[in-house]
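Each ligand, and each atom within it, is numbered from 1 in the order the structure gives. Sequence positions, counted from 1, serve as the residue numbers for this chain.
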Amino acid sequence: MASARVISQALEEVRARIADDRVEIVVATKYVPIEDLATLHEAGVTLIGENRAQDLQAKHAEHGERFTFDFIGHLQSRKVRQIVPLVGRIHSLASDSAADQLARHGRPDLEVLLEVNVAGEDGKSGLAPGQLDALLDRLHAGGGCTPVGLMTMPPQARDPEHSRRWFAALRELAAARDLRHLSMGTSQDFEVAVQEGATIVRIGSRILSPRG
Ligand SMILES: *Cc1c(COP(=O)(O)O)cnc(C)c1O
């Protein structure tokens, strides 16, 4: 990982490219060991995203005061109870079983986004667009969270322009349901995502190990 100075410059550069203060930057820290989190704090990072319950727990135990933690990884229902008290937001709800655990162990103010497999890729996590309404109904009935938006990881693409149609599709799915947050865009395609309405981008490598 880079130094605090380099990371803070990279963060500023990403902010400048986004050019919209309302867009939140979640720094994706799945590859950052606990001992390096102090450097991120020094660099001015305040909001981080973790992918695994175990890592989240360990990092929160050491650095719970320094950062707000979002959960951005695959959400297993048996981990929901462990994750809920540690996070500000969950980006990646995609199953009835996890929704049921949220009804039991959640809290009404917990912000949740539903992950959508917007291109219908085989073997990828996320809901089909046609499953969204049933899961939203289940969440509203359960009362253990507040659904606020949608999240997606579009198909791998070399050219960020190829992601545009998927980001636009996610925006339409959210707009049709009055969901205000769109978590979309990573290191390589965040600018296109913001052009298509992202309110939250999730960025790792571009900030943590910037090249030149
Ligand atoms: C790692 C990760 C990111 C960030 O990816 P980069 O290419 O490093 O910017 C974003 N979202 C999720 C769900 C991730 O796991």
Side-chain angles (χ1 to χ4, degrees), residues 1-2 6-18 23-34 36-37 39-40 43 45-60 67-76 79-80 83 86-95 98 111-119 121 123-127 148-164 166-167 170 174 181-212:
M1 199 180 76
V6 169
I7 289 169
S8 100
Q9 275 171 2
L11 187 60
E12 280 318 309
E13 195 193 303
V14 167
R15 279 212 183 97
R17 282 174 186 260
I18 290 174
V23 176
E24 294 178 70
I25 301 171
V26 173
V27 178
T29 46
K30 58 182 174 289
Y31 300 129
V32 178
I34 295 185
D36 286 351
L37 285 182
T39 306
L40 286 193
V45 172
T46 54
L47 175 58
I48 67 183
E50 278 292 325
N51 292 62
R52 295 161 54 97
Q54 212 176 333
D55 295 341
L56 170 68
Q57 204 163 37
K59 289 175 178 176
H60 189 279
F67 303 103
T68 299
F69 290 78
D70 277 8
F71 190 81
I72 64 173
H74 176 62
L75 183 67
Q76 293 174 278
K79 298 291 170 68
V80 164
I83 291 167
L86 309 178
V87 295
R89 220 159 28 195
I90 293 175
H91 289 231
S92 40
L93 179 70
S95 69
E111 296 195 343
V112 166
L113 292 79
L114 278 56
E115 181 171 359
V116 184
N117 179 358
V118 74
E121 289 176 274
K124 188 148 181 170
S125 56
L127 300 157
V148 294
L150 303 179
M151 181 271 236
T152 200
M153 285 284 266
Q156 293 264 9
R158 217 163 284 166
D159 179 353
E161 281 299 329
H162 293 159
S163 302
R164 187 179 292 281
W166 305 121
F167 294 148
L170 196 74
H181 274 301
L182 285 171
S183 170
M184 58 190 197
T186 61
S187 291
Q188 65 135 13
D189 56 15
F190 71 91
E191 286 163 291
V192 173
V194 169
Q195 287 162 10
E196 294 301 331
T199 62
I200 311 171
V201 295
R202 309 177 311 272
I203 302 188
S205 54
R206 176 73 163 255
I207 288 171
L208 302 170
S209 358
R211 272 172 285 172

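Heavy atoms from other residues, nucleotides or ligands lying under 6.0 Å from CD of Glu161 number more than 12.
Closest approach of Ser125 to Asn117, counting heavy atoms only: O-CB, 3.8 Å.
Within the 4.5 Å cutoff, no side-chain heavy atoms of Trp166 are placed close to those of Met184. Side-chain contact between Val148 and Leu113: present, with at least one pair of heavy atoms (C-beta onward) separated by less than 4.5 Å.
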As a test of reading the model: which N/O atoms of the protein lie under 3.5 Å from N/O atoms of ligand 1, and at what distance?
{"residue": "ligand 1", "atom": "8 (O)", "partner": "Ser205", "partner atom": "N", "Å": "2.9"}
{"residue": "ligand 1", "atom": "8 (O)", "partner": "Ser205", "partner atom": "OG", "Å": "3.4"}
{"residue": "ligand 1", "atom": "9 (O)", "partner": "Ser187", "partner atom": "N", "Å": "2.9"}
{"residue": "ligand 1", "atom": "9 (O)", "partner": "Ser187", "partner atom": "OG", "Å": "2.5"}
{"residue": "ligand 1", "atom": "9 (O)", "partner": "Gly204", "partner atom": "N", "Å": "2.8"}
{"residue": "ligand 1", "atom": "11 (N)", "partner": "Arg202", "partner atom": "NE", "Å": "2.9"}
{"residue": "ligand 1", "atom": "15 (O)", "partner": "Lys30", "partner atom": "NZ", "Å": "2.9"}
{"residue": "ligand 1", "atom": "15 (O)", "partner": "Asn51", "partner atom": "ND2", "Å": "2.7"}

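In this structure a side-chain-to-backbone donor-acceptor pair under 3.5 Å is present from Lys124 to Met153.
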Identify each donor-acceptor pair in which a side-chain atom of residues 193-203 lies under 3.5 Å from a protein atom, sequence neighbours left out, and give them as a table.
{"residue": "Gln195", "atom": "OE1", "partner": "Arg164", "partner atom": "NH1", "Å": "3.1"}
{"residue": "Gln195", "atom": "OE1", "partner": "Arg164", "partner atom": "NH2", "Å": "2.7"}
{"residue": "Glu196", "atom": "OE1", "partner": "Arg171", "partner atom": "NH1", "Å": "2.6"}
{"residue": "Glu196", "atom": "OE2", "partner": "Arg164", "partner atom": "NH1", "Å": "2.8"}
{"residue": "Thr199", "atom": "OG1", "partner": "His181", "partner atom": "ND1", "Å": "2.7"}
{"residue": "Thr199", "atom": "OG1", "partner": "Leu182", "partner atom": "N", "Å": "2.9"}
{"residue": "Thr199", "atom": "OG1", "partner": "Leu182", "partner atom": "O", "Å": "3.4"}
{"residue": "Arg202", "atom": "NH1", "partner": "Ser183", "partner atom": "O", "Å": "2.9"}
{"residue": "Arg202", "atom": "NH1", "partner": "Ser183", "partner atom": "OG", "Å": "2.9"}
{"residue": "Arg202", "atom": "NH2", "partner": "Thr152", "partner atom": "O", "Å": "3.3"}

